[in-house]
J.: 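Handing you a structure now.
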Amino acid sequence: MSSTAIDGMRAPRSVSFITMGCAKNEADTAHMRSDLIRAGYRIADDPAQADAVVVNTCSFIQAATEESIEAILDAAGLDNVASGRARLVVSGCMPARYGDELEAEVPEAAAFVPCAKEDQIVEVIDRLLGVERSLGAIPTAVRLHGPAASEQAPPSAYVKISDGCNRFCSFCSIPYIRGRYRSFPYERIRDEVSALVAAGTREVVLIAQDTGRWGDDFDEPLTLGWLVATLADEFPRTWLRVMYIQPEGVTDELIEAVAAHDNVCSYFDVPFQHVSPRLLKLMRRTGSVAAFDALCARIRARIPDATLRTTLIAGFPGETDDEFEQLCAYVENCDLDYVGVFAYSREEGTRAFDLPDQVDDDEKDERSRRLRELADAVCAARVAQRVGRVLPVLVCGTEEDGQLVGRAMCQAPDVDGVTYVEGAQVGEVVAVRIDDTLLYEMEGTVVP
């Protein structure tokens, strides 16, 4: 770092990130990291060696809030932070959700940066570390997207295409944390994808709270299907994957865009949440077993080998024994490859918080455990059917013992297991014959 770029800084100051929660937070952290690198900061892997520690929090459900609080307290207890040599910053969902209340509860933090103000991270860190800049040294009026020139891009990276949500599902706090739905302009998304691809990224995962709505809030509306097809055409050697598509967002246009491009993962992540029409209405959602079966059939009619994933909630207020059994029966007979299961979390400020007939915590845990075990049994059998097939696998990294680990197109990051391989390089896409599976993990041999 030159002294002309940042007045008074003779050596690079360092910032470390601790990221909690979902992929959207990972994307937000990546943006803040890049902003700080462009501003002349160094990113430290070890928080105990940094001049500033940023804990990017999640507050979607109570368990996530508790984990974020634990991470904040752990960071506050680091020698460099506790001694005052480093400053602690809390960013993300918790400052957005709890505001001034959080500041009173976490006096250890020197600053709070809610989601909507994360593009000001350079100014916040500058202020905390006493950095003074020459006027106009950093272009803060227009935020740059994608990795900084000095960053090593990962083999797989998330790109957010929108933020916020307009659905107000009765169990969900996201609209109160992230605000109303707002699509990011195509030019911003395209520039970020282009920068990642130029830096070596082989898979781009498009994410949002509700990806299927992308573009419908523009003056001249666009669609997710158009976005996927346009990016796939421009970046034909890059895998594209779409996550978090609400059922209404799975349009024929989107299905066709996926089917028509070999570099788009034939992967549909569509949360159903439940199958009881009565409970779905209480959730402020729609659907039924028949509707979900029809959706799966419509996808498979065009893409027979598509990978289908959903998430379900057990123990929603008022869920009867019969309705839970309906949910179990659906999982046992559904045409899905992966099923994520969550116990209902009662969140203050949401519409479901005050619903009658709240299910006892022990009962919620038991129902979610039973449903998860059933889902594991059903889905593991689907995964085992891949033995003998040859699949393209993106090699993403190595484990501590040096074992190479990657993902096939049918495996989304962090949720569907991984594929173990040998004889390849990180960042390569290689053909792998699947030799064995264990639950969701796959093991294979690279073939010529």
J.: Kindly say whether P317 contributes a backbone atom to a donor-acceptor pair with the side chain of D357 at under 3.5 angstrom?
T.: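 No, D357 side chain to P317 backbone: no donor-acceptor pair under 3.5 Å.
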J.: Strictly below 4.0 Å, N to O, side chains only: are E428 and R202 in salt-bridge contact?
T.: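 Not counted as a salt bridge, because no side-chain N and carboxylate O are separated by less than 4.0 Å.
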J.: Please identify which of these residues, R33, K117, R178, meets the salt bridge (charged side-chain N to carboxylate O under 4.0 Å, His left out) condition with D28.
T.: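 Result for salt bridge (charged side-chain N to carboxylate O under 4.0 Å, His left out) with D28: R178.
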J.: Hey, what do you get for CG (D436) to CZ (R386), rounding to the nearest 0.5 Å?
T.: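 It is 13.5 Å, given to the nearest 0.5 Å.
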J.: Give a yes or no on whether the backbone of M442 and the side-chain of T437 come within a donor-acceptor separation of less than 3.5 Å.
T.: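 No, the answer is negative, given that no donor and acceptor are paired below the 3.5 Å cut-off.
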J.: How long is the gap from CD on E26 to NE2 on H31, to the nearest 0.5 Å?
T.: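 Reported to 0.5 Å precision, the distance equals 12.5 Å.
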J.: Salt bridge or not between R182 and D217? Use side-chain N to carboxylate O under 4.0 Å.
T.: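 Result for this pair is no, no salt bridge flagged.
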J.: Answer yes or no: is there an ion pair linking R370 with E325, defined by an N-O contact shorter than 4.0 Å?
T.: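 Salt bridge between R370 and E325, a charged N being under 4.0 Å from a carboxylate O: yes.
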J.: How close do I177 and A96 get, heavy atom to heavy atom, and via which atoms?
T.: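 Reported closest heavy-atom pair: O-CB, 3.6 Å.
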J.: Would you call T65 and M94 a side-chain contact if the rule is heavy atoms closer than 4.5 Å?
T.: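 In contact.
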J.: May I ask you to decide if L282's main-chain N or O and S170's side chain share a donor-acceptor pair within less than 3.5 Å?
T.: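 Present.
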J.: Using every non-hydrogen atom in the two residues, find where C296 and L336 come nearest and quote the distance to one decimal.
T.: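 In terms of heavy atoms, the two residues are closest at SG-CD2, 3.9 Å.
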J.: Please determine whether the number of non-hydrogen atoms from other residues, nucleotides or ligands lying under 6.0 Å from atom CG of L439 exceeds 12.
T.: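 Atom CG in L439 is crowded, with more than 12 foreign heavy atoms closer than 6.0 Å.
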J.: Cation-pi between K24 and Y244: NZ/CZ under 6.0 Å from ring centre and within 45° of the ring axis?
T.: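 Pair K24/Y244 counts as cation-pi.
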J.: Could you tell me whether the side chain of D337 and the main chain of R309 form a donor-acceptor pair under 3.5 Å?
T.: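 No, because the side chain of D337 does not come within donor-acceptor range (under 3.5 Å) of the backbone of R309.
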J.: Could you report the tightest heavy-atom contact between A229 and A257, atom names first, then the distance?
T.: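 Closest approach of A229 to A257, heavy atoms only: CB-CB, 4.1 Å.
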J.: Can you tell me how far CD of Q411 sits from CD of E441, rounded to the nearest 0.5 angstrom?
T.: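 If we round to the nearest 0.5 Å, E441:CD and Q411:CD are 7.5 Å apart.
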J.: Using only atom types and a distance under 3.5 Å, with no angle test, would you say the side chain of S368 pairs donor to acceptor with the backbone of K364?
T.: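 Such a contact is found between S368 side chain and K364 backbone.
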J.: Where is the tightest heavy-atom contact between G397 and V426, given as atom of each residue plus distance?
T.: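 Minimum heavy-atom separation between G397 and V426: CA-CG2, 3.8 Å.
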J.: Does any non-hydrogen side-chain atom of Y420 lie less than 4.5 Å from one of L404?
T.: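 Side chain of L404 against side chain of Y420, heavy atoms only: no contact under 4.5 Å found.
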J.: Using the test ring-ring contact (aromatic ring centres under 6.0 Å, His included), find all partners of Y186 that sit at least two apart in sequence or belong to another chain.
T.: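 With neighbours one apart ignored, the set is W226.
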J.: Measure from the side-chain N and O atoms of H261 to the backbone N and O of N263, and report whether any donor-acceptor pair falls under 3.5 Å.
T.: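 Not confirmed, H261 side chain does not pair with N263 backbone.
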J.: Please check: side-chain N/O of T201 versus main-chain N/O of A157, any donor-acceptor pairing under 3.5 Å?
T.: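 Here the side-chain-to-backbone pair does not exist.
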J.: Could you check whether any side-chain N or O of T211 sits under 3.5 Å from a backbone N or O of M243, counting only pairs where one atom can act as donor and the other as acceptor?
T.: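 Here the side-chain-to-backbone pair exists.
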J.: Restricting to non-hydrogen atoms, name the atom on I313 and the atom on E319 that form the minimum distance, rounded to 0.1 Å.
T.: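 Result for this residue pair: O-OE2, 4.2 Å.
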J.: Side chains of T445 and D435: do they bring a donor and an acceptor to under 3.5 Å?
T.: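 Distance-only check passes for T445 and D435.
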J.: Does this structure show an ion pair linking D305 with R300, if we count only N-O contacts that are shorter than 4.0 Å?
T.: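 No salt bridge links D305 with R300.
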J.: Apply side chain to side chain donor-acceptor pair (under 3.5 Å) to residues T350 and S173 and explain how you reach the verdict.
T.: CA-CA 6 Å; T350 62; S173 59; over 6 Å; no
J.: Distance-only, no hydrogens or angles: does the S16 side chain make a donor-acceptor pair with backbone N or O of A44 under 3.5 Å?
T.: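 Present.
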J.: Between R382 and D335, is the closest basic N to carboxylate O distance under 4.0 Å?
T.: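 Yes, this pair counts.
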J.: Nearest heavy-atom pair of L394 and S156: which atoms, and what distance?
T.: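 Closest approach of L394 to S156: CD2-CB, 4.3 Å.
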J.: Output all residues satisfying side chain to side chain donor-acceptor pair (under 3.5 Å) with E253, sequence neighbours left out; order by chain, then residue number.
T.: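 By the side chain to side chain donor-acceptor pair (under 3.5 Å) rule, E253 matches T223.
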J.: Using 0.5 Å steps for rounding, measure from the OH atom of Y158 to the OG1 atom of T29.
T.: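 These two atoms lie 12.0 Å from each other.
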J.: Are any of the side-chain nitrogens in E248 or R167 under 4.0 Å away from the carboxylate oxygens of its partner?
T.: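 Here E248 pairs with R167 in a salt bridge, since their nearest N and O are under 4.0 Å apart.
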J.: Let me see the working for W239 and V429 under side chain to side chain contact (heavy atoms under 4.5 Å, CB included), right down to the final yes or no.
T.: CA-CA 10 Å; W239 288 8; V429 174; 3.8 Å; yes
J.: Please check if the side chain of S162 supplies one atom and the backbone of F184 the other of a donor-acceptor pair under 3.5 Å.
T.: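 Absent.
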J.: Is R213 salt-bridged to D216, going by a charged N under 4.0 Å from an acidic O?
T.: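 Salt bridge between R213 and D216, a charged N being under 4.0 Å from a carboxylate O: yes.
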J.: So, R367 and D321, do they make that salt bridge, N to O below 4.0 Å?
T.: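 D321 and R367: salt-bridged.
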J.: Could you tell me the separation between the CZ atom of F272 and the CG atom of L295, rounded to the nearest 0.5 Å?
T.: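 Atom-to-atom, F272:CZ and L295:CG are 5.0 Å apart.
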J.: Compare all side-chain heavy atoms of F268 with those of I255 and state whether any distance is below 4.5 angstrom.
T.: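 Side chain of F268 against side chain of I255, heavy atoms only: contact under 4.5 Å found.
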J.: What distance do F218 atom CZ and S183 atom OG have between them, rounded to the nearest 0.5 Å?
T.: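 Here the rounded value is 4.5 Å.
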J.: With the side chain counted from C-beta on, respond yes when D376 and V378 share a heavy-atom pair under 4.5 Å apart, and no when they do not.
T.: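 The answer is no, as the side chains (C-beta and beyond) never meet within the 4.5 Å cut-off.
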J.: Counting heavy atoms not belonging to D45, are there more than 12 under 6.0 Å from its CG?
T.: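 At most 12 heavy atoms, drawn from other residues, nucleotides or ligands, come within 6.0 Å of this atom.
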J.: Salt-bridged, R97 to E347, with N to O below 4.0 Å?
T.: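 Looking at R97 and E347, the cut-off is met.
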